[in-house]
Amino acid sequence: MNNHLPDHETLSELAENSPDKLEFILRENIAALIEQTSGSQRRRLQGLQFQIDVQRKLAKNPVDSCIRISRMMHDSFIELNKALANFTKNQPMSDTKKDSNVIYLTDRE
């Protein structure tokens, strides 16, 4: 991955005067990061990046883009929270499960 990013001042100047160059740096770093993954993770990241790119293209301006991507993250967090809540709701409490076949090992003295 291209770990050598320009400093903040350079990035700010690129944003102001050369947004295409800044976009190139962004794309280069995203591609390098995705390349480091494998298999299903890579496909998921590519799919997620596609969704982000679509939201950026649909946005009216950079603030709208930020709001759209933030909403995506928020929606994803809500879905994860629901899944975790359902998972824990369906799991028996370990203290109440007395009939399990657990063998506790202790040190010999």
Side-chain angles (χ1 to χ4, degrees):
M1 186 165 103
N2 181 8
N3 290 328
H4 181 67
L5 285 174
D7 60 49
H8 182 269
E9 289 179 20
T10 304
L11 291 172
S12 294
E13 187 207 321
L14 288 173
E16 188 72 29
N17 302 320
S18 303
D20 291 340
K21 288 182 184 177
L22 183 61
E23 185 70 21
F24 177 78
I25 291 171
L26 173 69
R27 294 276 166 219
E28 187 178 67
N29 280 274
I30 290 171
L33 182 63
I34 292 174
E35 267 312 297
Q36 290 180 349
T37 63
S38 62
S40 64
Q41 287 180 335
R42 180 178 292 171
R43 286 187 295 280
R44 289 182 70 180
L45 287 174
Q46 288 168 333
L48 179 59
Q49 187 58 49
F50 175 79
Q51 291 177 19
I52 291 169
D53 292 341
V54 167
Q55 291 303 317
R56 288 180 70 206
K57 287 178 184 171
L58 291 173
K60 298 171 189 160
N61 55 52
V63 173
D64 185 31
S65 175
C66 183
I67 291 169
R68 287 169 175 266
I69 294 168
S70 178
R71 190 175 298 133
M72 284 176 59
M73 292 188 308
H74 186 259
D75 292 346
S76 180
F77 177 76
I78 289 172
E79 289 301 313
L80 176 61
N81 191 30
K82 286 179 185 176
L84 287 172
N86 287 335
F87 177 76
T88 56
K89 183 171 53 172
N90 295 328
Q91 295 299 309
M93 296 295 288
S94 60
D95 292 339
T96 60
K97 192 173 181 181
K98 302 287 185 191
D99 61 336
S100 62
N101 296 325
V102 177
I103 300 172
Y104 295 96
L105 302 175
T106 58
D107 291 335
R108 291 186 182 177
E109 294 186 33

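Sequence positions, counted from 1, serve as the residue numbers for this chain.
Side chain of Asn29 to backbone of Ile25: a donor-acceptor contact under 3.5 angstrom is found.
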Checklist entry - Given Arg44 and Thr37, is the side chain to side chain contact (heavy atoms under 4.5 Å, CB included) satisfied, shown in steps? => result CA-CA 10 Å; Arg44 289 182 70 180; Thr37 63; over 6 Å; no
Can you list, pair by pair, the side-chain donor-acceptor contacts under 3.5 Å of residues 50-62, counting residues two or more places apart and other chains?
unit_1, atom_1, unit_2, atom_2, d
Asp53, OD1, Arg27, NH1, 3.0
Asp53, OD1, Arg27, NH2, 2.9
Asp53, OD1, Gln49, NE2, 2.8
Asp53, OD2, Arg27, NH1, 3.2
Gln55, OE1, Arg68, NH1, 3.0
Arg56, NH1, Glu23, OE2, 3.1
Arg56, NH2, Glu23, OE1, 2.8
Asn61, OD1, Val63, N, 3.1
Asn61, OD1, Asp64, N, 2.8

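Atom CD1 of Ile67 sits about 14.5 Å away from atom CE of Met72, to the nearest 0.5 Å. Taking OG of Ser76 as the reference point, atom CG of Asn81 lies at 11.0 Å (rounded to 0.5 Å). Taking OG from Ser70 and CE from Met73, the interatomic distance works out to 4.5 Å, rounded to the nearest 0.5 Å.
Taking all atoms of both residues into account, the shortest heavy-atom contact from Pro19 to Asn17 is CD-C, 3.6 Å.
Note: the hydrophobic cluster containing Leu26 also contains Ile34 (ILVMFWY, side chain heavy atoms under 4.5 Å, direct or indirect links). Under the 4.5 Å side-chain heavy-atom criterion for ILVMFWY residues, a single connected hydrophobic cluster contains both Leu5 and Leu22.
Applying the side-chain contact (heavy atoms from CB on, under 4.5 Å) test to Ser12 and every residue at least two apart in sequence or in another chain returns His8.
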